[in-house]
Amino acid sequence: LNIPFPNQWSLFGGLIEEDESPKECAIREIKEELNATLKDIILITKQIRYENDLKVEDNIFSAEIIEDINKLELHEGSKMQLFSVEEFRTINSVPHYKKYILEFLRRQ
């Protein structure tokens, strides 16, 4: 298994399926990975980048999780954790995702 950014905090998500919008993909992936339901979904940014010579489109969303955060079930990844904004600035996370999130927070 090729993990592009090993040992770094990342975001939940995955590949868009045929006839699925980026928003529908986000809803499905969060349901699959955390057994969570989203509401008030807002597109933070859409960016194109290249990873190992492959064109990648990142669609990053902000949303509220309906369920009690303590009852989420992690089905993918090795760990999940909540961070304050101050903590997030200092953690080892995927650089482009960190940039997208910090830019979004600056606009708030």
If you apply the rule side chain to side chain contact (heavy atoms under 4.5 Å, CB included), what do you find for Leu11 with Val94, and how did you get there? CA-CA 9 Å; Leu11 302 176; Val94 176; over 6 Å; no
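Of all non-hydrogen atoms in Glu29 and Gly13, the two that sit nearest each other are OE1-O, 3.3 Å. Nearest approach of Leu34 to Leu74, heavy atoms of both residues: CD2-CD1, 4.1 Å. Looking at every heavy atom in both residues, Asn7 comes nearest to Asn92 through O-ND2, 3.3 Å. A pairwise comparison of heavy atoms in Leu72 and Glu67 identifies CD2-CB, 4.3 Å as the closest pair. Shown here for Phe12 and Glu33, the closest heavy-atom pair between the two residues is CD2-OE1, 2.9 Å. Nearest heavy atom pair, residue Lys98 against residue Arg89, reads NZ-O, 3.0 Å.
Annotation: side chain of Asn59 is in contact with side chain of Leu43 (closest heavy-atom distance under 4.5 Å). Within the 4.5 Å cutoff, no side-chain heavy atoms of Val56 are placed close to those of Ile48. Residues Gln47 and Tyr100 form a side-chain contact, since some pair of their non-hydrogen atoms from C-beta on lies under 4.5 Å apart. When side chains are defined from C-beta on, Gln8 does not count as touching Tyr97, because their heavy atoms never get closer than 4.5 Å. Contact check for Ile101 versus Phe88: side-chain heavy atoms found under the 4.5 Å cut-off. Side-chain contact between Ser93 and Phe83: absent, with no pair of heavy atoms (C-beta onward) separated by less than 4.5 Å. When side chains are defined from C-beta on, Leu102 does not count as touching Arg107, because their heavy atoms never get closer than 4.5 Å. With a 4.5 Å cut-off on side-chain heavy atoms, Thr37 and Lys31 count as touching.
In summary, the aromatic rings of Phe5 and His96 are positioned with their centroids under 6.0 Å apart.
In the hydrophobic clustering of this structure, Phe104 does not group with Ile41; members are Ile, Leu, Val, Met, Phe, Trp, Tyr whose side-chain heavy atoms approach within less than 4.5 Å, directly or through other members. Criterion: ILVMFWY side-chain heavy atoms under 4.5 Å apart, direct or through other members. Under it, Phe61 and Leu15 are not part of a common hydrophobic cluster. In terms of hydrophobic clustering, with Ile, Leu, Val, Met, Phe, Trp and Tyr side chains grouped at heavy-atom distances under 4.5 Å, Leu82 and Met80 are assigned to a common cluster.
A salt bridge does not link Glu24 with Arg28: none of the charged nitrogens is closer than 4.0 Å to a carboxylate oxygen. At a threshold of 4.0 Å, the pair Glu57-Arg49 does not count as salt-bridged, since none of the basic side-chain nitrogens sits closer than that to a carboxylate oxygen. Salt bridge absent: Asp58 and Lys46 never bring a charged side-chain N and a carboxylate O closer than 4.0 Å.
If you take CG on Asp40 and OG on Ser62, they are separated by 9.0 Å, rounding to the nearest 0.5 Å. Between the OG atom in Ser84 and the CD1 atom in Ile91 there is a gap of 9.5 Å [rounded to 0.5 Å]. Note that CD1 of Ile30 and NE2 of His75 are 11.5 Å apart. Values are rounded to the nearest 0.5 Å. Distance CD1/Ile42 to CD/Glu64: 10.5 Å, rounded to 0.5 Å.
Within a 6.0 Å sphere centred on CG of Asp68, other residues, nucleotides and ligands contribute more than 12 heavy atoms. When the shell of 6.0 Å around CD of Glu18 is examined, it contains 12 or fewer heavy atoms from other residues, nucleotides or ligands.
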